[in-house]
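Right, one structure below, let's go through it.
Throughout, protein chains are lettered first and strands after them, A, B, ... in sequence-line order, and every chain is numbered starting at 1.
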Amino acid sequence: MAFVNESDSSDWEDVPLVALKRKAPDVKQPPRKRSAEVAPVSKATAKGERVSSARARTSAVPVSSKRKRIASSGSSSSPASSSSPSSAESKSENSAPPSSGSDCDAKDSSQSDVGSDSESESAAGAAVNGRKKQKTRHGATPARVHKERHRARHVHRFGDEDDHYDADNGSQEIKWQSLVHKGVCFPPPYEPHRKPLLYKGERCMLEPEAEEIATFYATKIGTTHVQNEKFNENFFDDFRACLVSIKSQYASRIKKFVLCDFSIIRAHLDSIRAKQKEKTPAERKAEREADADRLREYTVAQVDGRMEKVGNFRVEPPGLFLGRGDHPLTGKVKKRIMPEDITINVGRTDPVPPCPVPGHRWGQIVHNQTATWLASWKDSITGGMKYVFLGASSTFKGQSDQAKYEKARTLEKHVGAIRKAYTKGMRSSELCLKQLSVASYLIDKLALRMGNEKGEDEADTVGCCSLRVEHLRFLKENRIELDFLGKDSIRYLNVVVVDPLVYETLESFCSGKKPGDSVFDAIHSTKLNKHFQKFMPGLSAKVFRTYNASRTLDNLLHMSTPEAMTTDAMVEFYNKANKEVAILCNHQKSQSVSFNDQLERLVERKADLVKQLKQLERRETLDGDHVIVVAHEHVKPLFTPEMNMKEREEEKERVSKLDKQRVEKKVAIKLIESTVERTKQRIEKIDLQIRMKSDLKNVALGTSKLNYNDPRITVAWCKKHSLPIEKVFSSSLLQKFSWAMSTSEDFRF
DNA sequence: GGGAAGACTTGGAAAAATCTTT
DNA sequence: AAAGATTTTTCCAAGTCTTCCC
């Protein structure tokens, strides 16, 4: 793709809220913005703390109705309101905004793409022999065709070689012709330890199946999970169900969780761990290597003859489901996956990997060339699919990564038009368009996630479209406070100054509603993405996150890199830019338990060095070239020539017990100067460590580095300023981003 | 149109590996 | 050389978004 530097949307270039965030002084709490206009954050929740939804949900409104999608009824589809001009626009290169066209009209959206799918009429025929030229969209294809396609994908078929697909298309394209791999690796079967559970103090020698489950629980003792009532309840339900189903002798006896005592099992686990710890490094290394040998064949796959690394070739072991936040299913027993549960995806003519578990066989063998996974199974807890994919450094992942960033760069061309359109849309008389517009604004300016609907069996977290009235507070001077639990139940707490029109419109969406009501009741995620796609093919909410993240990094790095910095200073500068991106995306980590200790230790070390430095500098010249230096040193052992080895050892031993001695030394000034210099450098380094440590104590840089920052920005900047790329990318990152390593130093996002 | 399924990316924490300090 | 801190990798949960199917 071509470079996209120029923008046709200069009037909207200032990206207000991104800039706004950047000005934030010390961020103490979840992402906070500009001090002057930002109200002090009142609710003190330690950043990075995962919050139970009960805490963030302020009102006592019943949850039940919240989760259900609110039909986009009544108001949303005002009769024949908009004669959509959209389809034409979506094709045009430098798309003008699709004027007032709204998705609120059903006809509108479904038609909008028909034009762009000119080849779709061939899809049906093509599908039968596995030839799908492009992905068909928005249900334009009849159900019959879908069925055919489905069959074509899943059934062994004669090999047809003439498949050719537009690289541009999404998931429907053929991704490979040949796929060879060894399948998946299973955890070892359970070995009973025969350690009893205590029930009312009585020893219960559980049957192996029940013992295994009890042991799952014992491993979690000491974690916060066991303080979670739901966790214990779910665990115990499943444990009881197991006792009953295996007709355990204890099925009728073990009735109450609180009467269970796992301490004997736990002690057993601890002793195993202790034994493991006792092993010498050499033993451990040998073990590791033996393990690696055994697994080697699983680590690579051959895709069209290329060797590629496999990512997660191990089947997830059984255990307790560790849901995050207030997950309704947390603590439930995750069943052991057997070969029969696994679907293997290989090439039609390629060998099927042998099943590694004697006496068992794979559940299913498929040849799904439109997918990149090697194996899949159904998760026993969530009912969702789990996949084995190739590793991050693979061609598949690399290509889609690159495509992701190119798409984000393309957004640069359209974002001006989009911003104009949503500003205009907020004034519309149509509720649906108004909501689409305000939601677009929030996604663009605050980098919010889309916020799909969630089910009853999931934690109650939200994103943009699922925001409820209780998550917003309207403050003075066009300030809005957003306070909700986002992905992974990480709290998003932010006070922002918004456009007066946004303030007013958003307030109108909330007025007259109950705290638990949806703010955006006339739209949902599918609708919003369809709306986005009118402006730019393939545009969806997450592209804005990528775009704004990379845009921010590029701006910060290029606008203000000071000249002539040390390597450490360069890294610090880079991390600071990275940190702004992380704050924008609300990437948090929990503060490590020993944070305070660690910081204190650094401060102490610095104080020591400063003291040393002072001593070094407080010196008197002895002659022109030498000084007397006072130091505290260990007493040196006194060896005499006639001492044997044993006596020497004893002398060393004796001396090591003595206190340090004050010594005065005559030292060359030159030498002192270099020591002073070195000490100064060490102090500076510790200073930097202290700064970075406190600065990043609850900001996680990893996620943005891995998923949001176009690596070419970093590569270009490193080249330009002669910073070795290894200083900012770990070796796995270097591999993952190998496609970006040849970027020239002139690259701009 | 809309719910469900499927496939893939994103995310923080835990575990493992490596580096630093004592 | 052990202990402790830090960085990197692995793990798997939890999102997004498209397609399937009624």
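Taking only side-chain nitrogens and oxygens, A:S540 never comes nearer than 4.0 Å to OP1 or OP2 of C:dT18. For C:dC17, neither phosphate oxygen OP1 nor OP2 lies less than 4.0 angstrom from any side-chain nitrogen or oxygen of A:R545. A sub-4.0 Å separation between OP1 or OP2 of C:dT16 and a side-chain N or O of A:N452 is present. Using a 4.0 Å cut-off, some side-chain N or O of A:T372 falls inside it from OP1 or OP2 of B:dC8. Taking only side-chain nitrogens and oxygens, A:Q533 never comes nearer than 4.0 Å to OP1 or OP2 of C:dC17.
Residue A:K705 is out of contact with every strand shown, counting any heavy-atom pair closer than 4.0 Å. No contact: A:G384 has no heavy atom under 4.0 Å from any strand.
As rounded to whole Å, 15 Å separates atom C1' of C:dG15 from atom CG of A:D460. In this structure, the CZ atom of A:R288 is 12 Å from the C1' atom of B:dA15, given to the nearest Å. A:F532 places its CZ atom 16 Å from the C1' atom of C:dT18, with the value rounded to the nearest Å. Spacing between atom CD of A:E453 and atom C1' of B:dA4 amounts to 14 Å, rounded to whole angstrom units. For A:N529 and C:dT16, the CG to P distance is 10 Å, given to the nearest whole Å. Computed from coordinates, the A:H531 NE2 to C:dC17 C1' distance equals 17 Å when rounded to whole Å. Rounded to an integer number of Å, the gap from A:D291 CG to B:dA16 C1' is 13 Å. Atom CD in A:Q369 sits roughly 19 Å away from atom P in B:dG6 (whole-Å rounding).
Residues A:L295 and A:C185 come closest through the heavy atom pair CD2-SG, 3.4 Å. The two residues A:M450 and A:A541 make their nearest non-hydrogen contact at CE-CB, 3.6 Å. The two residues A:A371 and A:N345 come nearest to each other via the heavy atoms O-ND2, 4.1 Å.
A salt bridge links A:D401 and A:K736; the closest N-O separation between the charged side-chain nitrogens and carboxylate oxygens is under 4.0 Å. Using a cut-off of 4.0 Å between Lys/Arg side-chain N and Asp/Glu carboxylate O, A:D291 and A:R288 are scored as not salt-bridged.
The side chain of A:M385 lies closest to B:dG6, out of B:dC8, B:dG11, B:dG6. Minimum atom distance to the side chain of A:K542 is reached by B:dT10, of the listed B:dT10, B:dC8, B:dG12.
Along DNA chain B, the nucleotide closest to A:R449 and the one closest to A:R273 are compared, and the more 5′ of them pairs with A:R449. Nearer the 5' end of DNA chain B, as judged by each residue's closest nucleotide, is the contact made by A:K378, out of A:L706 and A:K378.
A:S704 and A:N578 are linked by a side-chain donor-acceptor pair at a separation below 3.5 angstrom, with hydrogens and angles left out of the test. In the model, A:T714 has a side-chain atom that pairs as donor or acceptor with a side-chain atom of A:Y574 under 3.5 Å.
Heavy-atom distances under 4.0 Å link DNA chain B to A:Y387, A:F389, A:K397, A:S400 of residues 387-400 of chain A, given in residue order.
For an aromatic pair to be called close, the ring centres must be under 6.0 Å apart, and A:F235 with A:H225 fails this.
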> What one-letter contact string describes nucleotides 7-14 of chain C from 5' to 3', where B marks a base within less than 4.0 Å of any protein heavy atom, S marks contact via sugar-phosphate atoms alone, and - marks no contact?
Replying inline: -SS-SSBB
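Partners of A:K334 by side-chain hydrogen bond (donor to acceptor under 3.5 Å, both in side chains), not counting sequence neighbours, listed by chain and number: A:E316.
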> Stepwise, does the ring pair (Phe, Tyr, Trp, His ring centres under 6.0 Å) test hold for A:H531 with A:F535?
Replying inline: CA-CA 8 Å; A:H531 180 70; A:F535 296 90; 5.4 Å; yes
